[in-house]
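Structure first, then comments.
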Amino acid sequence: MISGAEIVIRCLQEEKVDCVFGYPGGSVLHIYDALFKQDEVKHILVRHEQAAVHAADAYSRSSQRVGVALVTSGPGVTNTVTGIATAYMDSIPMVVLCGQVPTAYIGQDAFQECDTVGITRPCVKHNFLVKDVKDLAITIKKAFHIAATGRPGPVVVDIPKDITAQMCEFDYPKTIQMRSYNPVVKGHLGQIKKAVQMLQEAKRPIIYTGGGVILSDAADKLTQLARKLDFPVTNTLMGLGGYPATDRQFVGMLGMHGTFEANNAMHYADVILAVGARFDDRVIGNPEHFGSEKRRVIHIDIDPSSISKRVKVDVPIVGNVPDVLDEMLKLLDAGCKTDPEVADWWKQIDEWRGRKSLAYRQSNHIMPQFVVEKLYEVTGGDAFITSDVGQHQMFAAQYYKFDKPRRWINSGGLGTMGVGLPYGMGVLMANPDAQVACVTGEGSIQMCIQEMSTCKQYGLPVKIINLNNGMLGMVRQWQEMFYSKRYSQSYVTSLPDFVKLAEAYGHVGMRIEKPEDVEPALRKAFTEHKDDLVFMDFIIDPGANVFPMVAAGKGLTEMILAEEL
Amino acid sequence: MRHIISILIENESGALSRVAGLFSARGYNIESLTVAPTEDPSLSRMTILTSGSDEVLEQITKQLNKLVDVVKVVDLSEAAHVERELMLIKVRATGKDREEMKRMADIFRGRIIDVTESTYVIELTGASTKLDSFIAGLDAGLILETVRTGVCGIGRGDRILKV
């Protein structure tokens, strides 16, 4: 017999969890005591529970493993909600273990009590309250199973303190069967055949892929399929790295800040092959405008509810993306014609490409796009790039060419400012030798800046690329363009001296003000200070905007381009 | 369009709130909802009366199926089914109205299940429209209280919703 607390730790060991991000408190003291007595599961003590969940989320995004966070009841849990919702929107597999007040106190407004299951319900894939120590191990098993299978997502397990003190036999099931939860894997073969047929007939095809390709590790298969067909490929913000960005067939990211060629190709395509993507509002713009063009849509997704939700689909295929792509490849290999007539279409796409929609104006100040380009060069295009939310996020997505999946780590769905630094921590825990840069702004970085302290404690050498324009850039851009330059609350005054701040936390700080200093500074950070956290405060052109831009409510082809202003 | 969705769901605490939360979070209608355990006490059967376009209904069914506790979902109104609703209605029954109430209950095949000097409680079962007609047929001033269970339904013949 072992205690509930020891059961929790044994379960983590059984799941081969090597690190947990967390913060202790009253209701999880038994668990922390059990954690103390072993060394298989490492614990990273964050400075705010939100960061624990973000870090666990990025641990998962940058590897194939389930990230784990451990927090106490009440405020510990409420602080995790933003992180859980962030992971939920991007379908990230994660298990959050929460302490709860003892079962006899539940519902009595006890100290540090909150309705964890109720508060997190709308932003989890599933959640549990463990009411009997005998159910503890199987519940944790279910949590990992649910988090990682089907369309992945975060799962919360709420564990009352008395449960962690009670004694019980430990028996961890190897597998689990749930009558109410059986996600589909194989796609319907008839539908797949129909899709392959449709692809053969396409004259103006496009392959449009999203986060599902990354999450299901289908990038290789997708690349094979696209090359075999010689079709253009576009990725969503969440899908970057699903197809090599330096490849000729890649037309760039699409959507609100997508390239001219990607948005036009998407709009005028006669056949769209959508893979692990969900046609969200930032991707297709105004749905009525998007619907004005006649086209046929094939949609592969593991989640049936993503299909025909915003755009009517002609050939729905519910299944695990790599399995479905595998079937498609087999059909193509089995003698189907593999050279659809797309030469004219490529001619058209190259003409759109000639528009060079990512060209940007030059300036005496540092341009943010230039910083990202140099970052790409200095890191050999091989770094993990985490990002926050705003202009810098779009610049990173547009100018860092991701050739590999799981290298671009950002909050796409919820758009959570403050994720970048804790994401960097999570990436480094999963990939200890990797180069990790957090492309951020002076607004976002201050939302979780306390984590510089965690980075010091555990030696996590994130390179913070702070694109500092002294403004909430994306808000300022919208106010400039749509609110007659009334810059309501978008200036950030009284900024700290970031160099001194970094030094105060025990790190290296740099302030870079001239374009010619950008590259040397980056080189220094990634070589001389390879093992240090370096806070690089780039003072950038305050007027730089993100283009192309599809304004809210506009159609995909109604882009505002850089020179048009 | 009016639809009756039948759901088999794990009989666990919080299961009802997952379904109710889904409807409110996504802006779907719930006109009525009934829930009780089935012959297998580990399962509950829930019946939701809702309305919406075909696209909305498709999403409702898909989203319900996505809930981890939900075992099966069926749109009963897609095919032949029977539906019933139970109403208890307390009415004033004095003077000439006392006789009239008894007559109305008989016409609608209701039963009077509680009697005092001045009131009756009438039990009435049927399709929701029948209950509506009964209420419409009474003098509104005589209705003291009504309680309705909401619709429950079952497929006809071989249409069976079971694990």
Side-chain angles (χ1 to χ4, degrees), chain A residues 85 88-89 91 103 106-107 115-132 135 139 142-143 145-147 149-158 176-184 278 287 291 299 301-313 316 318, chain B residues 1 3 5-28 30 33 35 37-46 48 50 52-75 78 160-163:
Chain A
Y88 181 65
M89 284 292 268
S91 310
T103 31
I106 291 178
D115 175 9
T116 301
V117 167
I119 288 173
T120 59
R121 193 193 317 111
C123 59
V124 292
K125 182 168 175 189
H126 198 58
N127 58 17
F128 296 96
L129 169 62
V130 181
K131 288 188 208 144
D132 187 331
D135 298 333
T139 304
K142 281 183 184 171
H145 173 65
I146 293 169
T149 53
R151 178 177 181 175
V155 178
V156 166
V157 184
D158 198 19
I176 192 119
Q177 280 295 321
M178 292 172 73
R179 64 179 171 188
S180 63
Y181 177 73
N182 296 292
V184 190
R278 57 192 178 88
H299 193 170
D301 206 293
I302 196 145
D303 176 8
S305 72
S306 283
I307 297 177
S308 287
K309 183 169 74 177
R310 303 195 73 245
V311 166
K312 189 95 189 85
V313 169
V318 177
Chain B
M1 258 287 277
H3 290 263
I5 311 282
S6 266
I7 304 164
L8 279 179
I9 189 166
E10 296 289 351
N11 186 9
E12 278 174 21
S13 66
L16 171 62
S17 61
R18 291 183 204 279
V19 173
L22 167 67
F23 273 72
S24 65
R26 295 193 181 264
Y28 306 142
I30 297 184
L33 185 156
V35 58
T38 63
E39 76 283 6
D40 169 358
S42 72
L43 278 176
S44 285
R45 170 118 172 202
M46 199 179 283
I48 297 177
T50 185
S53 64
D54 288 351
E55 290 76 33
V56 169
L57 258 292
E58 185 182 330
Q59 272 298 313
I60 290 178
T61 337
K62 284 174 168 178
Q63 295 291 351
L64 282 169
N65 267 311
K66 235 167 91 173
L67 293 177
V68 169
D69 280 341
V70 168
V71 185
K72 274 189 179 169
V73 179
V74 74
D75 184 347
E78 271 179 348
I160 290 158
L161 179 61
K162 209 175 161 70
V163 174

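Here is how names work: the chains are called A, B, and so on, in the same order as the sequence lines, proteins then strands, and each is numbered from 1.
Contact check for A/M178 versus B/V68: side-chain heavy atoms found under the 4.5 Å cut-off. In this structure the side chain of A/H126 reaches within 4.5 angstrom of the side chain of B/D69, judged on heavy atoms. Looking only at side-chain heavy atoms (C-beta outward), A/R179 and B/E10 come within less than 4.5 Å of each other.
Neither the backbone nor the side chain of B/E12 comes within less than 4.5 Å of any heavy atom of chain A. The contact between A/N127 and chain B is made by backbone and side chain atoms together, counting heavy-atom distances below 4.5 Å. Both the backbone and the side chain of A/P304 have a heavy atom closer than 4.5 Å to some heavy atom of chain B. Neither the backbone nor the side chain of A/K142 comes within contact range of chain B, judged by heavy atoms closer than 4.5 Å.
Separating the OG atom in A/S180 from the CG atom in B/L8 is a distance of 11.0 Å, to the nearest 0.5 Å.
Listed in order of number, the residues of residues 39-46 of chain B that approach chain A to under 4.5 Å between heavy atoms are B/D40, B/S42, B/L43. Residues of residues 305-313 of chain A lying under 4.5 angstrom from chain B, judged on non-hydrogen atoms, are A/S305, A/I307, A/S308, A/K309 by number.
The salt bridge (Lys or Arg N to Asp or Glu O under 4.0 Å) test applied to A/D132 returns A/K134, not counting sequence neighbours. Considering only residues two or more places apart in sequence or on other chains, B/T50 meets the side-chain contact (heavy atoms from CB on, under 4.5 Å) condition with B/H3, B/I5, B/F23, B/N29, B/I48, B/L57, B/I60.
Ranked by heavy-atom pairs under 4.5 Å with chain A, the first of B/S17, B/G21, B/S13, B/A25 is B/S17. Of the listed residues (B/Q63, B/E55, B/R18, B/K66), the one with the most heavy-atom contacts under 4.5 Å to chain A is B/R18.
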